[in-house]
Structure formats: structure tokens, C-alpha cells
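Every chain is numbered from 1 and lettered A, B, ... according to where its sequence line falls, protein lines coming before strand lines.
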Amino acid sequence: MPEIPYDHRQIELKWHERWKDAELYRADPHSAAPKYYVVEMLPYPSGRLHMGHVRNYSIGDALARYMWMRGYNVQHPMGWDAFGLPAENAAIERGRHPREWTLSNIAAMKGQMHRMGFAYDWRLEISSCEPEYYRWNQWFFLKMLERGLAYRKQALLNWCPECGTVLANEQVVDGCCWRHETTRVELRALEQWFWKITDYAEELLRDIDEKLEGKWPERVLSMQRNWIGRSEGSEIDFRLESFSDRIRVFTTRVDTIFGATAVILAPEHPLARKLLDEKGRARAKQMIDARAQKGPGDIEKEGVFTGHHAVNPYSGEKLPVWIGNFVLMDYGTGAIMAVPAHDERDFDFCKTHGLPIVPVIRPVDGELDVNPKAAFVADGIVERSGEYSGLESAEARRLMNERAGRDGFGKAAVTYRIKDWGISRQRYWGTPIPVIHCPKCGVVPVPEKDLPVVLPDDVKFTGKGRSPLAEVDSFMNVKCPKCGGDARRESDTMDTFVDSSWYFYRYCDPRNSTAPFDSAKVKKWFPIDQYIGGVTHAILHLIYSRFFTKVMRDLGLVENDEPVANLFTQGMVLGADGTAMSKSKGNTVDPEDMVDKYGADTCRLFVLFAAPPEKDMPWNEASVGGQRRFLERVWRFVTRNLDRDAGAGDSSADRRVLRKLHQTIRKVTEDFNNRWHFNTSIAALMELINELYDDEKMLSRGALDQILPALVLLLGPFAPYLAEELWERLGRKGPVFRQPWPTYDPELAKEDAAEVVLQVNGKVRGHIAVRFGAPQAELEKLALADPKTQPFLAGRQVVKVIVVPDKLVNIVVR
RNA sequence: GCCCGGGUGGCGAAACCGGCAGACGCAAAGGACUUAAAAUCCUUUUCCCGGCAACGGGAGUGCGGGUUCAAGUCCCGCCCCGGGCACCA
């Protein structure tokens, strides 16, 4: 019988066509089956899928298909994070309109996703650049405004010269833009819109422990904890000698306050202007400018004495007030007390500026070091601190906070590192911020009934200057909704992270034209059972969407406190050079080439087999062939045994192969249920096919009839095209992923006998086959009598025999 | 500096609860088939020592200690790599 060749092109084309219109992957709103909502992070439509996408979506797709087979009602959507700078840059560089460029990219990538065989319910597709979508961004903006969660302020902001826009703190990496890793951000004073994520700092932190612990990767949780940066301490007012103003400082170490030798203000501090003379102000300005240019970290500690003094409320001591370039205006109160003996930074500063160093904390089991060479920063016993002397640090802090409250000069206080989310962007391709600036009424929100504020199409892209929208008179000129007078629209657009903060809710009701979604529909699916994406979004997207969910909950739109019950972060795809694949490094591989050459199934298998999904995946082009060979072996085995008249066969071969089959079902099922280590699932399937080849000639028809369909079903989540084609050739009806997942019989999976390892003094000396459950005494006897162990026992005394039933006997001799 | 990961053959990896280290795959070498090549199939492949040989012995999971009958796995102290945070008071 001639072999039928495995022609991936023909097979994939055939099923591609059949799947296209079949609407196979619909979630059923009326199903009684338990729901399972799986979402992969939506891509930016750059025009081509890259390997990172393929990896992300192959993991999610395998899971979705598996859960269908397990009988769940699965919702598995896909969409487009369609606003963003590259579209605008394409417009500047190539004269293509961002909309047209974006839409053609979406069409291309959607085609690639179809080719990959990803099982999405495309009826739920959303695209954030459509007015039907972004009008709800605007609606949320208005709600934030109503609730006092949106505000406008002038601030020093991170400006990326490459992007031509400001960035949120989360979008600055090592002082550089997150999209342009070599472009330093500059600080610019601008007026822009902020969202009060800080109002939710405490809850965002608490729910990490209460709701996410154990369900999100520890790495992501620790990054978020870090980012929120909760810090407990005290706020203490220092009275100025020469003015009525007080300087409020934040400190975590009020127990060291008797060691304070100065009070230091940030150069931007409002009091700095007042205290400094002309010359001092010029120095302060220099410090501010230097910081704007250099970026943090590589700045020498500089300072200026203001000539004024403040009074330590505990000791009554007079402390000089300085300006210091290392004091940050936007953390704490913008002012600190300097305790050089117990803080490294203060130590540095005071050393260089000749300020005294006064130690007041001694180690619990040591002496007070009166002439320290470095700061002693640990807690200890408070000394030289009046009534607090002799107390432990923690107790001193407690009592000192009490005293501050009682006497009205301070209190216990909590400070967070996280700052409000700056959402204004001086770019075109984003959601217009729905406010109007009226010369008479000031900032006026666009009335809800006038939403959406639609992006105009006729915009000039010069790549220079400010928001492109500001140049479009037909957009900008508007009547004030309040007084009817001439007014101007806001010309900034929203950060695109707004779009992705709630898109997975919109999937549940994507065409709703009266609300962002119907809460009942969302309630059916939320929280997301499994969210899958790159770890790069650990603190960007993933903290913004947690914030958004909490706001939506407080608006009464959703009932869940968190959007994502379980998070999985897959590792990066590394290039051949061992660093992350990226266009700028030129080490990318286009998945399309691989799909052309080897087929989508091989490509999917390849990304799943190369490494466990949470680990970074090294690139090794050569091993693709191995995956292809495996699929061909499956193909050949199934096709040539479809209706081979195998007869009664050899019952021992049947038993061997069926045992392997059931062991494989067990292995693959466990991998899906526990760790998603699909590399080992696929390895198990390879072992099965190896075993089948070994025993092929001896198998009975009956055994083949059990094995072939099970093998095809097991392959379904990983290689859907091949599975579907073979399923049809087996004469079966219906799509593979709608078949019940094969179950294993523990009895059939069991080996005939336990292989027990024989050790002498921990070294392997032999093996014996014993029936399962053989009593310990019997195993011990067999081990002592075994010819393999005998030579190592001769002339020695048996001290002890360790028996692990069905596994191992270790004879300890002396 | 602090907080997470991680370090196992030539390479990617496996060993999930302390019980045979290296499953599975890649690459390499040898062989079968072939006029030949490709494809396919079979064999070998951690290192060292002994043996013509099936085989036998020893060492071995970044380094040094420890616990244990038994350690890649647990504990202590280091080194290296990746990631995050970092004048955050």
C-alpha cells in the first residue's frame, strides 16, 4: 500500500477554509457547563506576528482547546491594542494614515492567526481605535472626573523626545523610555491629566496578599509590592525660627530624631523660595535643571544652607535648614530630617558639608559607636534621647508618634512610592480626552450625550511640535457646553494603557452601544480564569487594569475586586544570540517563514517543546526538524494503520502499548492540570509513538482501534490541523476539540511488576522485579539474597535495611 | 545594596513529595536500505579507569561545608548569570 504523504499545506488550507465560517469557537451563553474564561494579552497590530505572540497564543490555545474537551463552556476572545505611536510614525515616515495603516495591519495579523489555527471567537473581537470602543474610555474619564479621581495639574513630567510625548512613571525604565531603551527621558513642566491610582494604593497592596497570592507569579506580585512601595513612618513638623511656617518631614525612623543634625528641603520645595536668598535660588534652579538632564543615580550630593534654622520638636535643638539635590519633592513631604549617624545618604551629605554626626542608636548587644565610620542603619536601643533613652527602636517610635499626636506636631503616617497615573499624551493616535477649555467656565467636561469625541481624520503629521490635534481647527473650535461661548477642545489624547485596562470586559458584550458592557454578561464570565501574557507588563498593564477594576466596582459596574483570578507569564523568546528577540537587535525570526516551510502545527509544537512555558526560550532553529519528524511519524502511523487487517495480534504487545497509552494520557492530563509543562507532555507523546513503532507489526486490530483515536485526541490541543485531518480519516464526526478528553485507566497504566532498586550503602547494585505491594520483609529477604548485592555484603556486617515498598531497598553495611 | 528567578552532557531540557541523574528532542559518529543522494530505519554518544568483548569499577547536577541509610532536590556559607527595585528618607 503506497504511503500517503503528510502535506501540511494541503491539510492546513483545507481546515483553514472549513473552520473559517463555522463559528466553531463560540462560547455558549446558555450552556449549563461551568464557564472558563481564558484571555491572552491582546497584541499591538504592528503588521506581523512575532515569535513572542506565537508562543503566548500557542499556550493559550492549547489550554482553551483542552478545556473545551474537558467539557467547559470556554470563552476565548482576541482583539487589537490598536492605538499607539508606531501608526503615527508610519504616517510621518510613509504618508499613510494611521487608521488605514492600522486596519491593514490588523487584517494581516488576523490572517496569520487564522493560519496558526488559533481558536478564537471572532464575534467578540474588539479594536481599541474604533469610536465604539474608545467612546467608553471617554465615558470612564467622565466618571473618574465626577468621582474626583481625575484631576489636572502642572507637574514635572517624563518627556520622551523620541515619542514626542510625556510618559507615566511606569513607562520609564532606568531613566529611559520603555519603547526607546536608549533614549533618556527629560523632565518637562507640563499641565496634564492624572488619575488617582494612589487612592487605591492600599487596596491594590492588600489584595496582592488576600486575593492574588499563589495565583499570580510571585515575581509579578513582588514587583507590584515594590512599585506600590508602602512605607510606614511619621510626619513631624519642624517649627522655623524666623518664619511662622513649619517644615513637615516624613521619616520611617523617628526613633533617631535626637540624632538629627539638619533639615533638608527638596530644591522644588515651596518653602525653598522663601528661605533662600537670590544666590541660593539660583543654585536651587541649577540643581533642578541638572536633575532634569542627568537622570537619577549619577548625581553628586549637593546642598545649600538657607541661613535659617528649625527647631527639633522633641529636643528643642536648633537645626540648620538646607536645600539638598537628593531630596525628592514628589516623595513623602519633599523634606527630610538628616540623621547622618543612622542613614547612609544623610551620612554622605553631612560628611561632605561638614555637618555634625550624632549617634543615638546602639546595637542591641553592643556599645554606642561615638565616632562612626559609616551609618548604623539597623534598629537597636535608643540612647542620648531624653525620656526615650534605653527603649528599643520600635517601642520608641510608637511612643514618639503618640507624643507627636498629643502635642499636635505630627503623627504616624504611611507614604507610598506609587504616584498618580499621568494619562495625557501629546499625540494624535489615541482617545481624545473629552473636555473643553472655556475662557469663561474653565475646564468643562464634554456631556455624556455628546460622546464619542471622534478623532478627526484630516490631520497633518509633521512629527514636530505639540499635539497634532491642536492644529485641526475643525476639531478644536467648539462651543462651551455650559455657556455656549467659543471654546477649545483638549488637544491631548489618552495613554494607550487606558485602552487595555478594561478590554477584557468589553469582550463579554462587544457591541453594546448604550454602556461599556452589560454587567450581567460580565458577571457570567468574570473574573478571568486564566490570563496569559508576557512578564513585561507586570507593573504597567497589570497594575492599571487592577486599578480600573476597582474603580469599575465602585461605580457599580462589576462585582469582582480583581480582574484576573490566575495569571500566567510566559518567558521571552530569545534570539540565536541569547538575548531577547527584537527588531532593533536584528535577531528576529519571522514565524511566517516557519509556517510556510514546516506548517503551523510544527511551529506550535516547536514553541511548546523548546522549554517549559514560564521560562525564557532559546532559539534553536535546527530542532524544528525534530518536531516536524514527530508529526510525520504520527501521520504515517495513523494513516497506514487506519484499516490494516491486523487480526488478533500479539497480546503482550497489545498490553505493552495500551499501558503506554494510558500512561501518556495520565502524563498529558496531569501537565494540563498542574504546571503546563507542555514540553514534557509532548515528550510523553513522542515516547508513545516510539513504543508504537516498536510494536507496530504485532498489534491487534482491537488495540489499534483504541489507540488511534486516543492518540489523535491527545494531539489535538497542540497540533489541531493534523489532529482534525486524522480524525476525519478515522471516520469520526465533529471537531476534535469538541470530543471528550480521553481518560486513563489506572489499572491499565500500571506496570506488571514493580522494579525495585537494590542499593548497598546508597549505591545502586541491581534491580529486581517484584509484584506490587510485596511486604517489606519479603523485599528485604530478596535484596539480601540477590546475586548482585552478594559481593558487596561478603565479610561485612549488615547494620540496617531500608525498604521503600515498590521502589527501593538500601542495605547498610559496615 | 535589597527582592525575585536560575546554574544539570556538545546544545534545549527531564527527574513534580529526599529514593536508579540525564527521559524526550537537537547535533554528532557509525551502520542498514539505495547505482547514488535525500528521506526512513537501527546503533552509539556525561567523564575517567580496566577489558577483544557483553561488561565491570570509580567520579559526576556552579563552589565549600552539613543533615540523612540515601541529596540535583533539604540546611548553612560563598561564586556566577538573568530580571525587578533603588538617593523613596
### Task
Report yes if a side-chain nitrogen or oxygen of A:Tyr331 is closer than 4.0 Å to either non-bridging phosphate oxygen (OP1 or OP2) of B:A89; otherwise report no.
yes
### Message
At 4.0 Å (heavy atoms only), tell me whether A:Arg636 reaches a base, stays on the sugar-phosphate, or touches nothing.
### Response
sugar-phosphate
### A:Phe606 CZ - B:A13 C1' separation (whole Å)
13 Å
### Query
With both distances kept under 3.5 Å, what pairs with B:C85, Watson-Crick or G-U wobble?
B:G1
### Task
Heavy atoms under 4.0 Å is the rule here; annotate nucleotides 15-26 of chain B 5' to 3' with B where the base is hit, S where only the sugar-phosphate is, and - elsewhere.
SB--BB--BBSS
### Task
Take atom P in B:A37 and the same atom in B:A21, then report the distance between them in whole Å.
42 Å
### Task
Go through B:G83, B:C42, B:G12 for me and flag the one nearest to the A:Pro618 side chain.
B:G12
### Query
Could you state the CG-C1' distance from A:Asp694 to B:U40, rounded to the nearest angstrom?
15 Å
### Query
Does the pair A:Phe678 and A:Phe718 meet the rule for a ring pair (Phe, Tyr, Trp, His ring centres under 6.0 Å), with working shown?
CA-CA 9 Å; A:Phe678 303 130; A:Phe718 309 116; 5.7 Å; yes
#### Entry: Separation between the P atoms of B:G7 and B:G72, rounded to whole Å
14 Å
### Query
In whole angstroms, how far is the C1' atom of B:U8 from the NZ atom of A:Lys615?
10 Å
### Query
Within 45° of the six-membered ring axis of A:Tyr598 and under 6.0 Å from that ring's centre, is NZ or CZ of A:Arg628 located there?
no
### Query
If we take the P atom in both B:C42 and B:G10, what is their distance in whole Å?
26 Å
### Task
Give none if B:A38 has no partner; otherwise give the nucleotide forming a Watson-Crick or G-U wobble pair with it, both distances under 3.5 Å.
none
### Query
For the side chain of A:Lys800 and the base of B:C69, is some donor closer than 3.5 Å to an acceptor across the two?
no
### Message
Regarding A:Val249, tell me which of base, sugar-phosphate or nothing describes its non-hydrogen contacts under 4.0 Å with the strands shown.
### Response
nothing
### Summary
In 5'-to-3' order, the base (B), backbone-only (S) or no-contact (-) status of each nucleotide in nucleotides 54-62 of chain B, using a 4.0 angstrom heavy-atom cut-off, is --SSSS---
### Message
In whole Å, measure the gap between the P atoms of B:U43 and B:A59 for me.
### Response
30 Å
### Query
How far, in whole Å, is B:C74 from B:A14 if one measures between their P atoms?
16 Å
### Query
How should the glycosidic conformation of B:C17 be described, syn or anti, under the criterion that syn lies within 90° of 0?
syn
### Summary
The residue, A:Tyr693 or A:Asn226, whose nearest nucleotide of RNA chain B is more 5′ is A:Tyr693
### Length of the CE-C1' vector between A:Met572 and B:G6, whole Å
13 Å
### Query
When the C1' atoms of B:C52 and B:G58 are considered, how many whole Å apart are they?
22 Å
### Task
Report the C-alpha distance between A:Asn226 and A:Arg417 in whole Å, list the side-chain angles of each, state the deciding distance to 0.1 Å, and finish with yes or no for side-chain hydrogen bond (donor to acceptor under 3.5 Å, both in side chains).
CA-CA 8 Å; A:Asn226 249 321; A:Arg417 206 189 72 99; over 6 Å; no
### Aromatic ring proximity, centroids under 6.0 angstrom, A:Tyr314 and A:Phe409
yes
### Task
Look at all strands and tell whether A:Pro612 reaches a base, only sugar-phosphate, or nothing, counting heavy atoms closer than 4.0 Å.
sugar-phosphate
### Task
May I ask you to check if A:Arg248 and A:Phe238 form a cation-pi contact, with NZ or CZ under 6.0 angstrom from the six-membered ring centre and within 45° of the axis?
no
### Query
Crowded around A:Glu344 CD? As in, over 12 foreign heavy atoms under 6.0 Å?
no
### Message
Looking at B:G9, which nucleotide sits across from it as a Watson-Crick or G-U wobble partner, both distances under 3.5 angstrom, or is there none?
### Response
none
### Task
Could you verify whether a donor N or O on one side chain and an acceptor N or O on the other, from A:Gln627 and A:Arg604, lie under 3.5 Å apart?
no
### Task
Go ahead and name the base partner of B:C47; Watson-Crick or wobble counts if both distances stay under 3.5 Å, otherwise write none.
B:G58
### Message
I'd like the C1' distance from B:G83 over to B:G25, given in whole Å.
### Response
28 Å
#### Entry: Atom pair distance, as rounded to whole Å: CD1 in A:Ile257 and C1' in B:A89
12 Å
### Message
If I take atom CZ in residue A:Arg417 and atom C1' in nucleotide B:A86, what distance separates them, rounded to the nearest angstrom?
### Response
8 Å
### Query
Stepwise, does the ring pair (Phe, Tyr, Trp, His ring centres under 6.0 Å) test hold for A:Phe606 with A:Trp619?
CA-CA 10 Å; A:Phe606 170 74; A:Trp619 190 253; 5.2 Å; yes
### Nucleotide paired to B:G72 in any strand shown, Watson-Crick or G-U, under 3.5 Å
none
### Task
Go through the side-chain N and O atoms of A:Glu751 and A:Gln663 and say whether any donor and acceptor fall under 3.5 Å apart.
yes
## Note on the structure
When rounded to whole Å, the CG to P distance for the pair A:Asp343 and B:A86 reads 17 Å
### Message
Any strand counts, and the cut-off is 3.5 Å on both contacts for Watson-Crick or G-U wobble. Which nucleotide pairs with B:C63?
### Response
B:G77
#### Entry: Spacing of A:Glu218 atom CD relative to B:C3 atom C1', expressed in whole Å
10 Å
### Query
Does A:Lys301 make a cation-pi contact with A:Phe349 (under 6.0 Å, within 45 degrees of the axis)?
no
### Message
Tell me whether the rings of A:His541 and A:His537 are parallel (<30°), tilted (30 to 60°) or perpendicular (>60°).
### Response
perpendicular
### Query
With rounding to whole Å, what would you report as the distance between B:C16 and B:A53 at their P atoms?
36 Å
### Query
Between A:Arg219 and A:Gly332, which has a closest nucleotide on RNA chain B that is more 5'?
A:Arg219
### Any donor-acceptor N or O pair under 3.5 Å, side chains A:Tyr66, A:Asp671
no
### Message
Could you check B:G51 for me: syn (within 90° of 0) or anti?
### Response
anti
